[in-house]
Novice: 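Just passing along the structure, written as structure tokens.
The first residue in the sequence is number 1, and the count goes up from there. Note that the coordinates shown come from a computational prediction; the quantities given were computed from them, not determined experimentally.
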Amino acid sequence: FRRSGLIITQIFTKLDIGVRDALQKAEQARSIFEAVDFGGTLNTYNTTIRPVGADTRSAGKWYLSIVETQFDFDQTK
């Protein structure tokens, strides 16, 4: 059976550092997860970086970026 899913990584950086640091970390996450073959049973592809902005739940102290990576998983029963 082929299963599909989504790996979601949240990147929080201090708001006063700037957006560049957040995007650099998001690019690092992309390079870790995108187009990886984990032994032929789990394959990742199509990683998207979504800059969100100030996280309002933290009184605006953090900048949030989301990295989403699609994957397929082959399951045998």
Side-chain angles (χ1 to χ4, degrees):
F1 297 96
R2 178 150 281 220
R3 309 283 187 208
S4 297
L6 191 63
I7 299 168
I8 300 173
T9 307
Q10 295 179 320
I11 310 288
F12 290 92
T13 55
K14 288 190 173 190
L15 194 58
D16 59 356
I17 291 177
V19 176
R20 183 184 310 173
D21 187 53
L23 295 178
Q24 286 174 341
K25 287 179 173 43
E27 285 293 340
Q28 289 173 342
R30 179 198 308 250
S31 69
I32 291 170
F33 290 110
E34 188 172 54
V36 178
D37 179 354
F38 293 95
T41 57
L42 178 72
N43 300 299
T44 65
Y45 57 95
N46 195 29
T47 299
T48 304
I49 295 174
R50 198 162 37 97
V52 175
D55 179 27
T56 57
R57 296 170 293 177
S58 65
K61 296 178 184 177
W62 301 98
Y63 185 88
L64 172 62
S65 296
I66 296 178
V67 181
E68 298 176 335
T69 303
Q70 296 174 330
F71 70 87
D72 288 329
F73 175 74
D74 292 326
Q75 180 182 25
T76 56
K77 290 187 176 188

Novice: How close do S65 and A22 get, counting heavy atoms only, and between which atoms?
Specialist: OG-CB, 3.8 Å
Novice: Once side-chain hydrogen bond (donor to acceptor under 3.5 Å, both in side chains) is applied, what residue pairs with a partner in residues 18-30 remain, sequence neighbours excluded?
Specialist: D21-K25, E27-R30
Novice: Is there a path from I8 to W62 through hydrophobic residues (I, L, V, M, F, W, Y) whose side chains come within less than 4.5 Å of each other?
Specialist: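 Cluster IDs for I8 and W62 match.
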Novice: What pair of heavy atoms forms the shortest contact from Y63 to A54, and how long is it?
Specialist: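 Closest pair (atom of Y63, atom of A54, distance): CD1-N, 4.2 Å.
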Novice: Could you tell me which non-hydrogen atom of A26 sits nearest to which non-hydrogen atom of I11, and how far apart they are?
Specialist: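 For A26 and I11, the tightest heavy-atom pair comes out as CA-CG1, 4.3 Å.
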Novice: Which side-chain N or O atoms in residues 32-41 pair as donor and acceptor under 3.5 Å with protein atoms at least two apart or in another chain?
Specialist:
unit_1, atom_1, unit_2, atom_2, d
E34, OE2, T47, N, 3.2
D37, OD1, G39, N, 3.4
D37, OD1, G40, N, 2.6
T41, OG1, F38, O, 3.4

Novice: Let me confirm one number: the OG1-CD1 distance from T9 to I49, rounded to the nearest 0.5 Å.
Specialist: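 These two atoms lie 10.5 Å from each other.
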Novice: Going by the salt bridge (charged side-chain N to carboxylate O under 4.0 Å, His left out) test, which pairs reach into residues 1-12, not counting sequence neighbours?
Specialist: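 Checked against salt bridge (charged side-chain N to carboxylate O under 4.0 Å, His left out) - neighbours excluded - the pairs reaching residues 1-12 are R2-D72, R2-D74.
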Novice: If the condition is side-chain contact (heavy atoms from CB on, under 4.5 Å), which residues does F71 pass it with, not counting sequence neighbours?
Specialist: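 F71 satisfies side-chain contact (heavy atoms from CB on, under 4.5 Å) with I7, L42, T44, F73 only.
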Novice: To the nearest 0.5 Å, what is the distance between CD (E68) and CG (N46)?
Specialist: 9.5 Å
